[in-house]
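Shown next, in structure tokens, is the structure this report addresses.
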Amino acid sequence: MMASRTDRGPVIDFDRFRPTRSSIRARKRKDRLMTVLIGLSFLVALIPLVSVLWVSLSKGVRRLTPDFLTHNMSGVVGGNPTPTGGYGGILHAVIGTLEITFGSMVISIPVGVMCAVYLVEYAHGGRLAKAISLMVDVMSGIPSIVAGLFAFSMFALVVGPGTVNGLAGSVALSLLMLPTVVKTSEDMLAVVPNDLREAAYALGVTKQRTITSIVLRTALPGIVSGTILAVARVIGETAPLLIASGFIATTNPNLFSGRMTTLPVFVYNEYSQGLAVCGPSADPGCLTDIHMQRAWAAALVLILIVLLLNLLGRLVSRIFAVGRTH
Amino acid sequence: MSEKPDETATLHQAKRVDRIFKACATGAGILILLALAAVTLFLILRAFPAFTGDPDSRTQAIRSLSGGRASSFLGYVGPLVFGTILIAGLALLLAFPVSLGIALFIGYYAPARLSTLLSTVIDLLAAVPSVIYGLWGALVLVPNITGFWRWLSVHLGWIPLFSGPVAAPARSVATVALVLAVMILPIITSVTRDILIQAPRLQQEAALALGATKWEMIRLAVLPFGRSGIISASMLGLGRALGETMAVLMILSPGLSYSLRLLQASTSQTIAANIAAQFPEADSQGVALLVATGLVLFIITFIVNYLARRITAKAGA
Amino acid sequence: GDNVPAASSGSGNTADQALFQGEFAGSGASSQQSADEAWIAGFRKQHPGARISYDPAGSGAGVNAFLSGSTIWAGTDAPLTADQLEHSRQVCGSGTAIDLPVYATPIAVAYNLPDLWPKGSGGHLRMDPALIAMIFSGKVTNWRDPRIAALNPGVNLPDLDITVIHRSDKSGTTKSFLSYLHDTAGSAWPYPAGENWPNDLGQGAKGTAGVVMTMNQAEGTFGYADAAQTTGLGTVAVQVGKTWQPPTAKTTANLLDLAQRDPQASQPGRVVLAVDHRTSREHTYPIVLVSYDVVCTAYRHDPDGSKARFAKAWLTYLLSEQGQRMAAANAGSAELGQGLRSQAMASVKTIGGKA
Amino acid sequence: MGQRIDISHLNVYYGDFLAVQDVNMQIQANKVTAFIGPSGCGKSTVLRTLDRMHEITPGAHVSGQVLLEGRDLYGPDVDPVEVRRDVGMVFQRANPFPTMSIRENVLAGIRLNKKHIAKSDADDLVEWALRGANLWNEVKDRLDKPGIGLSGGQQQRLCIARAVAVHPQVLLMDEPCSALDPISTLAVEDLINELKRDYTIVIVTHNMQQAARVSDYTAFFNLKALGQPGHLVEMDDTTTIFSNPHEPDTERYISGRFG
Amino acid sequence: MGQRIDISHLNVYYGDFLAVQDVNMQIQANKVTAFIGPSGCGKSTVLRTLDRMHEITPGAHVSGQVLLEGRDLYGPDVDPVEVRRDVGMVFQRANPFPTMSIRENVLAGIRLNKKHIAKSDADDLVEWALRGANLWNEVKDRLDKPGIGLSGGQQQRLCIARAVAVHPQVLLMDEPCSALDPISTLAVEDLINELKRDYTIVIVTHNMQQAARVSDYTAFFNLKALGQPGHLVEMDDTTTIFSNPHEPDTERYISGRFG
Ligand SMILES: Nc1ncnc2c1ncn2[C@@H]1O[C@H](COP(=O)(O)OP(=O)(O)OP(=O)(O)O)[C@@H](O)[C@H]1O
Ligand SMILES: Nc1ncnc2c1ncn2[C@@H]1O[C@H](COP(=O)(O)OP(=O)(O)OP(=O)(O)O)[C@@H](O)[C@H]1O
Ligand SMILES: [Mg+2]
Ligand SMILES: [Mg+2]
């Protein structure tokens with residue numbers, strides 16, 4: 001077939017560009033191949049990921065009794081049952097996890113949100129702001145164990161050598177949380193329409209009240225759900241807490257003094273104890289694999305907490321989503 | 001202007017609060033700088049003894065930490081850096097194509113209902129603590145994968161990467177990289193997906209209207225759009241893998257060499273896992289050394305972050 | 001809440017309860033963790049008011065914490081060094097700290113070869129120190145090696161590569177085992193003793209549990225671990241003199257009974273053992289991990305003397321026959337013998353001033 | 001009662017860029033003044049200087065004088081926050097606070113400024129402002145519903161109610177109807193006609209018919225060329241401007257031959 | 001040469017929602033057919049079913065028949081990819097591939113089939129297509145510059161060049177000028193007039209004048225009520241529709257009394 005407009009440029013023989021049967025077939029083949037590969041990559045990834053969840057669930061659910069959730073590990077000896085018929089539990093670790101995580105939230109959320117406020121509302125891309133956002137990026141690359149080393153050395157220098165307590169863990173975790181909090185808050189503040197700020201200013205509202213009552217309030221759902229996700233991430237940190245907060249078998253409610261066990265540390269500690277000794281004089285209920293049972297059960301609780309936080313984050317952002325009617 | 005005296009007073013107070021608030025915000029920003037400076041400073045202070053003082057006792061400390069395998073800081077930290085980068089790099093190599101595949105699957109192939117479900121699961125998995133991946137790797141994967149590595153070594157053993165003897169049990173670099181890949185997979189997937197599904201509809205329709213197949217549409221209109229985002233997602237995953245401690249600690253049989261033989265045991269160790277392994281028994285000189293290696297790790301992740309920033313900045317421009 | 005037996009809360013006399021009211025923290029060697037669990041439970045039966053914690057952070061971290069004054073005692077697999085001893089003056093009110101043996105466990109040389117003997121028949125492969133050294137240094141690499149067969153006539157050894165498993169972290173277990181090889185294997189063992197494993201053969205695993213788990217995961221593995229943990233693995237009967245000694249608590253205790261005091265740790269109050277690995281006595285198992293508790297005889301910041309009082313009571317309990325039996329039952333350790341315990345008790349009596 | 005505004009020698013800069021040059025005008029109290037002119041000529045810019053809103057744009061600054069009933073808005077000890085309480089503003093796009101109910105939106109100016117107000121007073125104020133904005137009958141049954149649940153025109157009137165609830169002397173409106181459908185536009189125009197009894201009103205509009213319908217005075221702004229600063233071409237009675245302007249540029253603009 | 005399209009009993013659904021009901025029409029080869037009608041009446045929807053583009057919207061499906069020169073587009077063994085090769089489409093907003101140069105944009109469709117085209121062939125094709133799209137003179141010196149560096153109107157013509165470069169039989173255009181300034185609009189309209197020599201063209205437009213100017217036939221779609229499916233009211237010669245429509249609704253729409 002020939003193009004008609006000979007006067008206006010080259011004549012094109014479109015047959016030369018006509019796809020051959022084989023090229024069409026090749027394209028179809030490639031398309032199908034990629035579809036298969038993409039589907040396959042999904043299936044391949046599914047195997048380990050589902051395995052992780054399934055193993056944690058199936059192995060963890062065995063020891064996940066009410067007793068396990070309401071007792072700590074004090075007085076638990078090896079694989080022997082305790083007077084209440086359980087085999088010790090994670091109450092102290094749950095309390096420790098909550099307190100240390102709460103501590104890190106108390107440190108990092110105000111600082112992170114205020115830092116984002118500075119970046120979005122005050123700095124207008126100045127030198128300091130550029131430096132800060134670069135540093136926030138750098139901070140998000142701090143390896144968790146380095147954060148632990150930092151908290152440990154800081155408390156050693158500031159409070160006294162050998163200081164190991166919940167607060168040190170909180171400091172380490174807040175270091176890991178801060179960049180996420182800053183980034184999500186920054187993003188959320190940035191999408192608050194300028195219209196709203198102007199509307200408030202036009203009413204004669206001061207900048208601070210505009211920011212707190214309008215901007216932050218509007219961005220709140222996003223900030224909250226972003227922060228919850230950040231919490232879900234640090235709540236599973238192990239290495240820094242091993243160094244900064246130590247391990248203890250009893251419940252220590254005091255964040256500011258004394259060692260504190262968290263769930264991940266508990267999991268790791270149980271794992272690293274291997275088999276329990278059930279000697280000839282041991283209780284008939286003595287379980288040699290009690291450590292692994294406790295490790296998996298605690299891991300399951302940890303996953304459940306993370307899951308809960310995730311759902312909570314989604315819920316918060318959905319319920320308080322701005323712009324929805326009713 | 002109509003002004004009642006009490007109104008002037010409240011306005012006055014509001015202005016003061018205004019100033020204080022601004023100071024707080026600025027302070028918080030500066031605090032971030034200070035925090036990072038403090039991290040660096042404390043680490044340097046703590047690492048300082050490793051480089052000062054009696055050279056003999058320094059050498060002694062390094063020999064003691066390395067079981068006599070190294071006698072200088074560089075000789076000690078070199079293989080650790082190599083191992084860290086090797087393992088994290090491998091993990092990224094394994095996870096990246098699969099993540100991309102899943103992200104595309106979620107965004108462009110799966111039916112809507114399935115893809116929201118998958119997204120939720122991926123987000124959950126991205127938050128699963130690494131100690132659980134470690135537990136899973138050590139107790140479930142290691143005993144079950146030895147056979148596969150052996151098969152690989154038999155058939156591909158002529159490539160040095162896969163040469164034997166295959167570690168049994170498989171506490172090798174390959175297994176650890178695999179676990180880290182599984183660990184960072186949801187993270188990369190989740191970020192990549194968020195970016196890919198934002199690929200402009202317009203260009204996708206343009207591609208299809210030209211008679212493109214689905215894959216061609218993705219190649220023409222989706223991947224070019226997501227390129228910088230995909231890179232920064234991978235860098236996020238790489239950063240996570242570089243700093244990962246527990247999974248490596250619980251699985252890898254460490255060594256201090258520059259070996260690329262992935263299936264063999266005791267070839268490499270990562271900085272983070274090494275710190276966690278040696279810290280409990282280290283004396284003060286040893287702690288200084290370990291903190292110094294931590295500083296090196298910090299610098300590596302800094303460089304990775306910086307490069308990622310540069311790449312995305314360039315691609316975004 | 002705490003797992004306290006309902007009945008026990010009333011027991012113990014009230015004066016005593018007042019004596020041990022409060023928090024008492026220790027930290028250190030993870031090898032002692034199981035024993036410490038048992039000891040804390042046992043001690044609190046007598047003194048329910050005391051709240052005791054033990055952080056198995058590791059010997060190094062434990063001693064560091066002790067030397068910084070943040071704990072009352074440290075558990076350590078290695079006695080204090082001269083530096084550390086000197087440093088301890090800063091936390092101890094009078095002189096230096098003392099280290100006393102409280103816990104000992106045989107170190108088993110173990111293997112995973114499930115089909116050597118019918119289940120439960122309790123056979124042990126026999127090896128001499130040189131053979132063990134050769135396997136651990138990579139000179140013997142297959143289970144069917146004639147040098148193994150020569151010592152184990154009639155045992156049907158499989159044609160299987162030997163995978164050596166060792167500790168990957170710094171550890172007292174490694175140090176004890178290496179000094180055994182160093183002392184006994186002669187030229188077959190070219191490496192110095194130290195807390196880190198010196199070669200890259202086989203595989204390293206973190207902690208005793210890691211070693212045992214790794215060994216359980218593959219046949220043909222060969223390693224060393226605290227004997228109590230080696231459930232499911234075969235253990236080597238080591239040549240001592242002309243006999244073959246499998247690891248047992250009793251034969252290990254025998255070795256400790258024969259041990260000399262380490263001449264280099266002669267400071268007053270210290271009880272540091274120099275174990276004779278070359279012993280040829282019958283019924284003595286030569287590879288042992290001895291773990292110490294480090295305390296002060298008086299503490300610098302101890303206004304009401306409660307720290308010293310606790311340290312004294314704690315060690316007294318640990319070194320009592322009951323304490324040792326608790327540990328043996330729950331951690332599989334070797335009970336320290338009467339002689340050794342009374343030597344250590346002499347030092348304990350000096351805690352908190354005159355006895 | 002509204003207040004009059006005197007502008008003299010006003011220059012407005014965005015950083016180094018002079019956006020509007022040498023504006024001199026009087027805006028009469030209790031009248032509606034319309035600003036018209038092609039896009040980019042600086043109508044919004046001038047309007048925003050009247051309550052110092054330009055100051056929230058980084059780098060923006062002014063020279064010259066703006067007197068509100070004789071008092072210099074840019075005097076050294078005048079706080080922009082104070083100015084904005086006397087001069088209200090309504091924007092092109094309706095911008096009710098999305099987190100607040102209709103009622104709270106109306107009260108926002110009071111509440112955000114931490115003034116205490118009795119509930120009955122508040123109720124009265126809400127009704128008064130919403131009636132003033134011609135919205136009361138439409139929303140009186142759902143005062144506690146979110147403000148953004150309203151239609152575009154209702155939202156715009158809500159914003160007007162919010163602005164009048166703080167009793168400003170002057171009301172500035174920057175293209176308040178450009179995003180509205182014809183019916184909502186008529187409602188807002190009616191409202192403007194009523195509001196001028198109490199307020200001095202300045203309105204920016206692109207819609208010549210609208211300017212002719214609602215305003216008493218009209219100011220025509222123009223730019224000499226792209227990139228050049230905008231300036232005030234002329235200002236006069238609306239009827240004069242639309243029937244018999246002095247300047248040929250005005251004539252050309254009004255007859256739709258450019259812009 | 002263009003091909004004719006016969007649509008019979010076409011229903012289009014988005015999930016359960018019937019968007020367009022029972023459309024029957026013939027689209028003549030080598031003519032321009034315009035779709036007009038109020039917003040939401042299903043013009044775009046019908047247009048997109050002509051090259052099966054609706055299929056990329058999850059849940060969208062059709063019943064009925066669409067024959068392209070007698071061949072059923074929805075036949076069981078027809079691949080949508082093949083259909084789209086014969087039926088080109090131009091969208092409301094210009095959508096050049098941002099990472100490609102102007103030249104590569106034009107060649108994008110051809111490259112899908114043939115990775116390697118002789119450079120001279122490619123050059124000819126690019127020139128031909130860009131001339132066809134009335135863009136050649138403007139861009140011939142910067143063919144290797146990115147396509148998104150062009151102005152909006154140029155981008156739209158680039159998209160047309162890209163669509164014609166694969167030499168389809170039918171060209172569908174969904175409001176191709178709605179985002180363009182008047183000058184670019186005229187350029188595109190001229191182009192449509194020329195293209196109809198080679199292609200069957202279907203164009204959706206909101207602009208009645210445009211429909212009158214460019215099309216030979218006009219189809220008027222309408223909805224009975226909001227939420228009801230759209231339907232074809234009538235289709236006829238453009239002159240008939242605009243001067244003497246059969247249906248009173250068409251008359252009302254064209255005279256601007258609703259929509
Ligand atoms: N925030 C800003 N930063 C820099 N320049 C600006 C800013 N806002 C406006 N300008 C410039 O100032 C000049 C006047 O703009 P202004 O918005 O006042 O015009 P306008 O008459 O309101 O136009 P329109 O009718 O389009 O709203 C323009 O050249 C514009 O580009
Ligand atoms: N992707 C979609 N999902 C669900 N419904 C849709 C979708 N696209 C369009 N619709 C619905 O189908 C109907 C017809 O829409 P369509 O876009 O075809 O109208 P149109 O005539 O092109 O309107 P406009 O002139 O505004 O472009 C409308 O009711 C619309 O809401
Ligand atoms: Mg404007
Ligand atoms: Mg449409």
Side-chain angles (χ1 to χ4, degrees), chain A residues 27-28 30-31 34-35 37-39 41-42 44-45 48-49 51-52 55-56 111 114-115 117-119 121-122 128 131-132 135-139 141-146 149-150 153-154 157 175 178 206-209 232-233 236 238-239 242-243 264 267-268 271 295 299 302-303 306-307 310, chain B residues 14-15 17-18 21-22 24-26 28-29 31-33 35-36 38-39 42-43 45-46 97-98 101-102 104-105 109 123-125 127-133 135-136 139-141 182 185-186 213-216 239 242-243 245-246 250 272 275-276 279 291 294 297-298 301-302 304-305 309:
Chain A
R27 285 176 57 193
K28 270 196 188 147
K30 178 148 192 196
D31 188 50
M34 292 316 292
T35 308
L37 277 182
I38 285 169
S41 76
F42 163 68
V44 162
L49 293 175
S51 164
V52 169
V55 170
S56 313
V111 174
M114 285 306 275
C115 179
V117 165
Y118 173 73
L119 290 176
E121 306 290 334
Y122 288 104
L128 180 62
I132 290 173
M135 288 308 131
V136 168
D137 263 21
V138 171
M139 219 173 194
I142 293 183
S144 61
I145 187 131
V146 171
L149 285 179
F150 161 72
S153 2
M154 187 182 96
L157 284 177
L175 212 56
L178 249 181
T206 61
K207 187 155 186 172
Q208 171 262 329
R209 283 185 191 148
R233 162 144 162 52
T238 314
L242 221 44
I243 293 174
V267 172
Y268 178 67
Y271 162 84
L302 198 50
I303 290 183
V306 167
L307 175 67
N310 257 290
Chain B
K15 273 160 76 179
V17 175
D18 211 27
F21 187 75
K22 178 173 185 183
C24 285
T26 317
L31 196 64
I32 298 259
L33 294 185
L36 204 69
V39 171
F42 276 112
L43 290 181
L45 275 182
R46 202 73 181 78
V98 181
I102 305 177
L104 286 174
F105 184 78
Y109 285 86
D123 285 345
L124 167 66
L125 283 163
V128 167
S130 62
V131 68
I132 292 172
Y133 284 105
L135 211 56
W136 174 80
L139 297 176
V140 179
L141 185 66
V182 171
L185 192 96
T213 59
K214 191 161 205 166
W215 168 244
E216 288 162 345
L242 283 171
T245 311
M246 300 318 290
M250 291 162 81
I275 295 173
F279 188 82
V291 172
L297 176 60
F298 188 17
T301 50
F302 174 83
V304 167
N305 256 302
R309 228 179 130 97

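Chain A forms the most heavy-atom pairs under 4.5 Å with one residue out of Pro186(B), Ala25(B), Pro129(B), Gly239(B), and that residue is Ala25(B). Each of Cys24(B), Gly243(B), Gly101(B) has some count of heavy-atom pairs under 4.5 Å with chain A, and the biggest count is that of Gly101(B). Heavy-atom pairs under 4.5 Å with chain A were tallied for Val39(B), Thr245(B), Val98(B), Thr213(B); the largest tally goes to Val39(B). Chain B forms the most heavy-atom pairs under 4.5 Å with one residue out of Leu149(A), Val267(A), Val146(A), Ile303(A), and that residue is Leu149(A). Between chain B and the options Lys30(A), Met135(A), Arg27(A), the largest number of non-hydrogen pairs under 4.5 Å is found for Arg27(A). Comparing Val55(A), Val138(A), Val117(A), Val136(A) by heavy-atom pairs within less than 4.5 Å of chain B, the highest count is held by Val138(A). When the candidates Leu45(B), Ile275(B), Val304(B) are compared by the number of heavy-atom contacts under 4.5 Å with chain A, Ile275(B) comes out ahead.
Only the side chain of Asn310(A) comes within contact range of chain B, with heavy atoms under 4.5 Å apart. The contact between Val182(B) and chain A is made by backbone and side chain atoms together, counting heavy-atom distances below 4.5 Å. With a 4.5 Å cut-off on non-hydrogen atoms, Leu242(B) does not touch chain A at all. Using a 4.5 Å cut-off between heavy atoms, Val111(A) contacts chain B through both its backbone and its side chain. At a 4.5 Å heavy-atom cutoff, the contact between Leu307(A) and chain B is made by backbone and side-chain atoms alike. When heavy atoms are compared at a cutoff of 4.5 Å, Leu175(A) approaches chain B solely by way of its side chain, counted from C-beta outward. If you measure heavy-atom distances from Ser56(A) to chain B, the contacts under 4.5 Å come from the side chain alone. Contact annotation for Leu157(A): only side-chain heavy atoms (C-beta onward) come within less than 4.5 Å of a heavy atom of chain B. Interface remark: Leu185(B) contributes side-chain atoms only to the contact with chain A (heavy atom separation under 4.5 Å). Contact of Phe302(B) with chain A is made through the side chain alone, with heavy-atom distances under 4.5 Å. Of the atoms belonging to Asn305(B), it is side-chain heavy atoms, and not backbone ones, that fall under 4.5 Å from chain A.
A donor-acceptor pair is defined here as one N or O able to donate and one able to accept, closer than 3.5 Å; no such pair exists between the side chain of Ser153(A) and the backbone of Phe42(B). Under the 3.5 Å distance criterion, the side-chain polar atoms of Tyr268(A) are left unmatched by any main-chain donor or acceptor of Leu242(A).
Between atom CD1 of residue Ile132(B) and atom CE of residue Met246(B) there is a gap of 11.5 Å, rounded to the nearest 0.5 Å. Rounding to the nearest 0.5 Å places OG1 of Thr206(A) at 11.0 Å from NZ of Lys15(B). Atoms CG and CD1, on Leu49(A) and Ile102(B) in that order, are 6.5 Å from each other to the nearest 0.5 Å. Between atom OG1 of residue Thr35(A) and atom NZ of residue Lys214(B) there is a gap of 7.5 Å, rounded to the nearest 0.5 Å. Of the inter-residue distances, the one linking Met139(A) atom CE with Ile32(B) atom CD1 reads 5.0 Å to the nearest 0.5 angstrom.
With sequence neighbours excluded, the residues satisfying side-chain contact (heavy atoms from CB on, under 4.5 Å) with Thr26(B) are Tyr118(A), Leu128(A), Lys22(B), Ile30(B). Residues satisfying the ring pair (Phe, Tyr, Trp, His ring centres under 6.0 Å) criterion with Phe105(B), sequence neighbours excluded, are Phe42(A).
Shortest non-hydrogen contact noted between Gln208(A) and Asp18(B) is N-OD1, 2.6 Å.
For the pair Lys207(A) and Phe21(B), the cation does not sit on the ring face, since its NZ or CZ is not both under 6.0 Å from the ring centre and inside 45° of the axis.
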